Structure formats: structure tokens, C-alpha cells
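Whatever order the structure lists ligands and atoms in, that order sets their numbers, starting from 1. These numbers come from a predicted model, not from an experiment.
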Amino acid sequence: MEELYNQLDFAVKPHYEKIISDILENGYSVVDDLLSPVTVNALRADLLEKYEDDLFKKAAIGNRLNEVIQTGIRGDFILWMDENVINTSHKFFFDRINDLASYLNRTCFLGIMRKEFHYAVYPEGKFYARHLDTFQNDDRRKLSIVCYLNEDDWQPEHGGELVLYLNGENGEIPKTIYPLPGRAVIFESRDIEHEVKPAKRERLSITGWLKTR
Ligand SMILES: O=C(O)CCC(=O)C(=O)O
Ligand SMILES: [Fe+2]
């Protein structure tokens with residue numbers, strides 16, 4: 001008998017299957033080619049233009065209705081992205097995210113219905129202390145996605161590592177991930193505590209969430 005997956009009306013995409021199996025196994029996945037270098041460069045240019053135009057604001061703790069600014073916890077500046085504005089780099093980015101989300105919905109029944117993404121700039125010396133991306137009164141965030149937009153010459157000594165605290169059989173396992181340009185990290189928002197170590201030079205990214213409702 002023909003395998004069931006051969007009867008599905010869409011093509012199996014190996015790079016998405018890898019993300020799914022990583023997340024099922026370890027709770028996270030690191031993908032170095034979710035976005036093309038051309039898209040990364042265009043997004044970086046767009047971010048920098050808006051940052052220089054002073055459109056970013058100090059990031060807060062809590063959800064959008066319940067924000068508190070605490071620079072002792074996080075020191076980044078953010079700008080929410082709007083999928084509906086006409087902007088080529090946004091279009092490339094959201095096309096990719098929408099394609100991934102619909103693949104996850106069709107293959108894993110994740111029930112993703114909403115998304116929210118923002119640009120982030122961590123000025124030199126800034127960090128984000130250990131935290132979970134879901135809120136006490138709101139656990140709709142299912143998957144966290146971070147895409148790094150740093151320059152090609154980003155080195156380990158520039159700091160700004162993302163550290164995921166994974167649950168191992170014999171206790172916690174910290175997993176350090178460098179914010180290399182074009183790299184995307186996808187992880188379970190409800191389960192994985194994480195932090196951003198102090199950046200030794202300006203650190204650029206997009207962070208966002210695929211949400212259930
Ligand atoms: O930039 C990163 O590596 C992670 C950012 C983060 O944890 C957040 O914005 O919630
Ligand atoms: Fe986070």
C-alpha cells in the first residue's frame with residue numbers, strides 16, 4: 001500500500017521536516033538558511049534605517065497591555081513589524097514565516113493562527129536576563145523564532161549569545177547559540193527558558209512568535 005504521506009496533497013519539505021524533528025526531540029532547532037543572504041541584507045538595511053529614524057522604543061517586560069520597562073532585565077530597543085506595509089524585505093520575511101507556519105499546521109496540527117514579530121537592537125553592553133516568552137495570564141505563544149541580522153564579520157568575542165536552558169535527564173543543559181547573520185533559532189515558547197548575554201557590539205535581530213489564537 002502506498003505510504004500515507006505520499007497521498008497528502010503537498011510536497012514534503014526536508015528542511016521543514018528537520019525543524020519539526022529537532023523540536024520534537026530537543027525543543028529547539030537552529031537553521032542557518034531560513035532566509036537568504038539577500039533577504040538578510042535587505043532586512044538589516046531596513047532595520048538600520050528605521051533605527052536611525054528613531055522609530056524604535058525601549059523594550060518592556062510583560063505583554064502589550066501590561067508593559068513595564070526594566071533595563072535591569074532587558075536593554076534592547078524594538079520596533080513591531082507590520083506584515084501589511086508594502087516593503088520588499090518584509091514580504092520575503094513574512095512569505096517564509098507564513099510558509100513555515102502553514103507547513104507546521106498541516107503536518108503537526110499546531111493550530112497557529114496568529115503571529116507577531118519585532119525588530120530588535122541590543123546596543124553595546126545590553127542583554128536580556130533569563131526568562132520564558134509566555135506570560136502568566138497568556139500562553140498563546142507557541143513557538144519563538146529569532147532571526148539574526150548581524151554583519152557577516154560577527155565573531156564569538158562579540159558576545160550576545162543566546163543561551164537556551166534545556167531539560168536534560170540529569171538536570172539542566174545550557175545550549176549556547178551565536179547570533180550569526182542568517183541564522184534562525186526556533187524553540188518552544190512555553191518550555192524553554194533562555195537569555196541573551198551582553199553584546200559587545202550592536203546586535204541586530206528579528207524576534208517573534210507563532211501563536212495559537
Ligand atoms: O535575541 C535573542 O537571541 C532572543 C531574544 C529574546 O529572548 C526575546 O526577545 O524574548
Ligand atoms: Fe525571549
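Near Asp133, meaning under 4.0 Å from one of its heavy atoms, ligand 1 places the atoms 10 (O). Those atoms of ligand 1 that come under 4.0 Å of a heavy atom in Tyr122, given as number and element, are 5 (C).
For atom 9 (O) of ligand 1, the closest non-hydrogen atom of the protein is Thr207 CG2, 3.5 Å. Ranking protein heavy atoms by distance to atom 4 (C) of ligand 1, first place goes to Val196 CG2, 3.5 Å. The nearest heavy-atom contact from the protein to atom 1 (O) of ligand 1 is Arg203 NH1, 2.8 Å. Of the protein's non-hydrogen atoms, Tyr128 CE1, 3.6 Å is the one closest to atom 8 (C) of ligand 1. Protein heavy atom in closest approach to atom 3 (O) of ligand 1: Tyr148 OH, 2.6 Å.
Checked against the 6.0 Å centroid criterion, the rings of Tyr165 and His194 do not qualify as a close aromatic pair.
For the ligand labelled ligand 1, residue His131 lies inside the 4.0 Å heavy-atom shell.
The pair Arg201-Asp153 counts as a salt bridge, with a side-chain nitrogen and a carboxylate oxygen less than 4.0 angstrom apart. Between Lys58 and Asp76 no salt bridge is recorded (no basic side-chain N to carboxylate O distance below 4.0 Å). Between Arg130 and Glu172 a salt bridge is recorded (basic side-chain N to carboxylate O distance below 4.0 Å).
Taking a 6.0 Å sphere around NZ of Lys211, one finds it holds more than 12 heavy atoms contributed by other residues, nucleotides or ligands. Within 6.0 Å of NZ on Lys197 lie no more than 12 heavy atoms contributed by other residues, nucleotides or ligands. Sparse packing is recorded around CZ of Phe92, with 12 or fewer heavy atoms of other residues, nucleotides or ligands lying under 6.0 Å away.
For the pair Arg203 and Tyr122, the cation-pi criterion (under 6.0 Å, within 45° of the ring axis) is fulfilled.
In terms of N/O distances under 3.5 Å, ligand 1 is approached by His194.
His131 contributes NE2 and His194 contributes NE2; the angle these two atoms make at the Fe ion (ligand 2) is 90°, rounded to 10°.
The atom name of the N/O/S atom in Asp133 closest to the Fe ion (ligand 2) is OD1.
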